[in-house]
Amino acid sequence: MLHTVLRRRANGESVEQIRPDLWIATGKRKGQNPSLTSIYRALAEHAKRETPHLGRLSQVGNAAAPNKIKRHLRCDRTRRW
């Protein structure tokens, strides 16, 4: 399924146009079309596998905001125990 989506998106088709031609091969929903959410999730996982360093950078950037750290340090310096 993923290979088909990647190939057809490279040719300029949208996921909405590709979806009716896809079908689920195994599992509880065998023979049905995948949801748009499932297709986009598979594309996101594929992108994360292809460029793992980008995922780590975005997590670090969100976790460590310099302004919050500076404010926290200023508050600790003014406290008197």
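The residues of the chain are indexed from 1 along the displayed sequence.
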Donor-acceptor pairs under 3.5 angstrom involving side-chain atoms of residues 37-45: please list them, not counting sequence neighbours.
| residue | atom | partner | partner atom | Å |
| --- | --- | --- | --- | --- |
| S38 | OG | S35 | OG | 3.0 |

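- Scanning both residues, L22 and N33, for their nearest heavy atoms gives O-OD1, 2.7 Å.
- The minimum heavy-atom distance linking E16 with P20 is given by the pair O-CD, 3.4 Å.
- The two residues R49 and L2 come nearest to each other via the heavy atoms NH2-CD2, 3.9 Å.
- Here the straight-line distance linking atom CD of E50 with atom CG of L6 works out to 8.5 Å at 0.5 Å rounding.
- Taking CD of E13 as the start and OG1 of T4 as the end, the distance is 10.5 Å to the nearest 0.5 Å.
- One finds the CG atom of L36 at 10.5 Å from the CD1 atom of I18 (value rounded to the nearest 0.5 Å).
- Residues P34 and M1 share a closest heavy-atom pair of CG-SD, 3.6 Å.
- With contacts defined as side-chain heavy-atom distances shorter than 4.5 Å, the pair R8/D21 qualifies.
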